[in-house]
Amino acid sequence: MTDRAPLSRKLSAIAESATLKVDAKAKALQAAGRPVISYAAGEPDFATPSFIVDAAAEALQNPANYRYTPAAGLPVLREAIVEKTRRDSGLEVSPAQVIVTNGGKQAVYQAFQTVVNPGDEVLLPAPYWTTYPEAIALADGLPVEVFAGADQDYKVTVEQLEAARTDKTTVLVFVSPSNPTGAVYTPEETAEIGRWALAHGIWVITDEIYQNLTYEGLRAVSIVEAVPELAGQTILVNGVAKSYSMTGWRVGWMVGPADAMKLAANLQSHLSSNVNNVAQRAAAAALTGPQDEVEQFRQAFDRRRRLIVSELSKIDGVEVPNPLGAFYVYPDVRGLLNRDWNGTTPATSLELADLILEQAEVAVVPGEAFGPSGYLRLSYALGDEQLLEGVQRLQRLFS
């Protein structure tokens with residue numbers, strides 16, 4: 001009997017999402033009765049605003065939403081995305097340059113599929129979101145990490161990017177505000193990087209899903225607003241998940257040059273067709289409706305941000321750069337490594353995260369998920385009481 005043919009080598013090489021893996025482990029422990037506090041998932045704890053839910057309920061009564069609709073998205077939502085892109089990213093586009101996707105993650109996947117050819121090098125500033133290198137690999141590209149540590153507030157420079165550039169470099173990933181660090185590039189830093197990419201003909205994939213979650217009076221300036229000429233070689237990725245507390249609704253989008261979006265639309269027509277119509281109607285309501293609750297969410301995140309930074313900074317051996325966007329803090333914990341903690345001496349942040357889960361019943365994501373070891377990511381998108389209790393457990397563990 002002939003042995004079965006092998007499974008896909010490409011998919012076999014793809015790692016499971018580290019953030020989802022840690023979150024699933026935390027939830028399993030919670031289900032088993034352990035009082036685990038999880039900082040793992042990047043998911044707001046708020047309910048989706050009621051006017052958005054009402055729009056979905058109304059959409060359920062319309063039989064037109066039970067049918068196939070254009071794969072690139074409902075016209076009403078694409079028009080709303082055009083307006084949001086103009087308002088928040090400073091870029092004028094047509095609906096033909098917008099594709100609605102099943103969450104921002106599908107938009108990220110399709111963006112790399114659209115502009116990466118086999119063997120292309122993609123500059124990936126680190127720390128990075130855990131999905132980026134896997135999506136690059138699925139497009140047969142080669143991720144080239146460019147690391148910026150806590151001493152740089154986790155922001156890469158043009159000099160670092162130029163040092164990493166080769167004749168195979170075709171794409172740059174640019175994310176501001178950042179997951180996992182919460183770093184926000186200044187308008188000047190953004191413009192300098194944009195001009196560099198323009199000068200070298202490099203595509204930019206910019207993930208703007210956290211663009212409306214900034215603090216201390218800052219605004220996250222889009223790279224296409226900072227350098228308008230770059231619009232012809234930039235794909236913007238966004239969605240309603242984070243700002244509107246709609247992670248489970250699975251609505252994202254991509255915006256870019258018409259020729260690139262035509263390729264992405266062709267891919268989506270075979271991959272998934274249209275996004276759920278009811279969710280699309282809800283997303284359109286989110287973008288065009290009152291933004292009062294969204295601002296309340298942002299203010300709550302800001303309060304939690306200040307609290308977690310203050311409390312983590314009290315732990316000797318932990319350095320906490322001030323995050324100015326998103327809802328993550330990314331402390332440098334190298335000062336906790338290679339020290340004895342109740343009989344355990346962690347040498348890596350992966351080992352440190354295991355120790356924290358076992359001894360403090362707190363779930364955090366180790367830096368290995370986002371780049372080099374020596375760091376932890378904590379999401380502060382959880383209730384104030386839990387947030388404080390979890391950090392106090394860490395203070396007791398490392399006292």
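When only modelled atom types and interatomic distance are considered, Ser313 and Ser310 share no side-chain donor-acceptor pair under 3.5 Å.
Although no hydrogens or angles enter the test, the distance criterion places a donor-acceptor pair under 3.5 Å between the side chain of Gln268 and the main chain of Ala71. Distance alone, capped at 3.5 Å, is enough to place a donor-acceptor pair between the Gln97 side chain and the Gly256 backbone. A donor-acceptor pair is defined here as one N or O able to donate and one able to accept, closer than 3.5 Å; such a pair exists between the side chain of Thr157 and the backbone of Gln160. Side-chain atoms of Glu208 do not come within 3.5 Å of backbone N or O of Asn238 as any donor-acceptor pair.
Aromatic ring centroids of Trp129 and Phe370 lie 6.0 Å or more apart.
We find that Asp153 and Lys155 are not joined by a salt bridge, their nearest charged nitrogen and carboxylate oxygen being 4.0 Å or further apart. The pair Asp302-Arg305 meets the salt-bridge criterion, with a side-chain N (NZ, NE, NH1 or NH2) lying under 4.0 Å from an Asp/Glu carboxylate O. Under the 4.0 Å criterion applied to side-chain N and carboxylate O atoms, Asp120 and Lys168 are not assigned as salt-bridge partners. With respect to Arg304 and Asp45, a salt bridge is recorded, a charged nitrogen being found less than 4.0 Å from a carboxylate O.
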### Task
Go through the steps to decide whether Tyr210 and Tyr328 satisfy the test ring-ring contact (aromatic ring centres under 6.0 Å, His included), and finish with yes or no.
CA-CA 11 Å; Tyr210 295 99; Tyr328 308 101; 5.7 Å; yes
### Message
Is there a side-chain contact (heavy atoms from CB on, under 4.5 Å) between Asn276 and Arg250? Walk through the geometry before answering.
### Response
CA-CA 8 Å; Asn276 178 293; Arg250 309 312 303 141; over 6 Å; no
### Message
Would Phe46 and Phe301 count as a ring-ring contact (aromatic ring centres under 6.0 Å, His included) here? Give the steps.
### Response
CA-CA 11 Å; Phe46 308 112; Phe301 287 139; 5.4 Å; yes
#### Entry: From CA spacing to verdict: side-chain contact (heavy atoms from CB on, under 4.5 Å), Ser222, Asp88
CA-CA 8 Å; Ser222 175; Asp88 294 338; over 6 Å; no
### Task
Determine, step by step, whether Thr169 and Val144 satisfy the side-chain contact (heavy atoms from CB on, under 4.5 Å) criterion, reporting the C-alpha distance in whole Å, the side-chain angles of both residues, the deciding distance to 0.1 Å, and the verdict.
CA-CA 9 Å; Thr169 301; Val144 177; over 6 Å; no
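Taking the six-membered ring where tryptophan is involved, the planes of Tyr330 and Tyr375 are essentially parallel, since the angle between them stays under 30° and well short of 60°.
By the 6.0 Å contact criterion, CG on Asp151 is enclosed, its count of non-hydrogen atoms from other residues, nucleotides or ligands being greater than 12.
Residue Thr190 comes nearest to Tyr185 through the heavy atom pair OG1-CB, 3.4 Å, listed as atom of the first residue, atom of the second, then distance.
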